[in-house]
Amino acid sequence: WLGRIERFTLDIQEQIVVEYTVAQFPYIHPFAHELVVPRSAVITITTEKMVVEDSLARVVKPSMLTQSLPTTPTAE
């Protein structure tokens, strides 16, 4: 379970959904609060659930952008 569909983006000219934004709950996914699911990743969708492929782009919280990432040693 990834979260709840919060909004979606429409292509007005093509009249199709381009992407879905799924809101996540912090206690389930502490480092991301939204997932952006492109239309191409949706396998099936019903009134009850949406099944997607596993390769999703995470949108991180702005506070995560200010944290320094661990450095990995380089071989010389």
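Please read all numbers here as calculations on a predicted model, not as lab measurements.
In this structure, Glu19 and Pro38 approach most closely via the heavy-atom pair CB-CA, 4.1 Å. In this structure, Leu10 and Val18 approach most closely via the heavy-atom pair C-CG2, 4.1 Å.
For Glu14, the side-chain contact (heavy atoms from CB on, under 4.5 Å) partners are Asp11, Ile16, not counting sequence neighbours.
Atom OG1 of Thr21 is separated from atom CD of Glu6 by 8.0 Å, given to the nearest 0.5 angstrom.
A salt bridge (Lys or Arg N to Asp or Glu O under 4.0 Å) check over residues 37-51, counting only residues at least two apart or in different chains, returns nothing.
No side-chain heavy atom of Tyr20 sits under 4.5 Å from any side-chain heavy atom of Val52.
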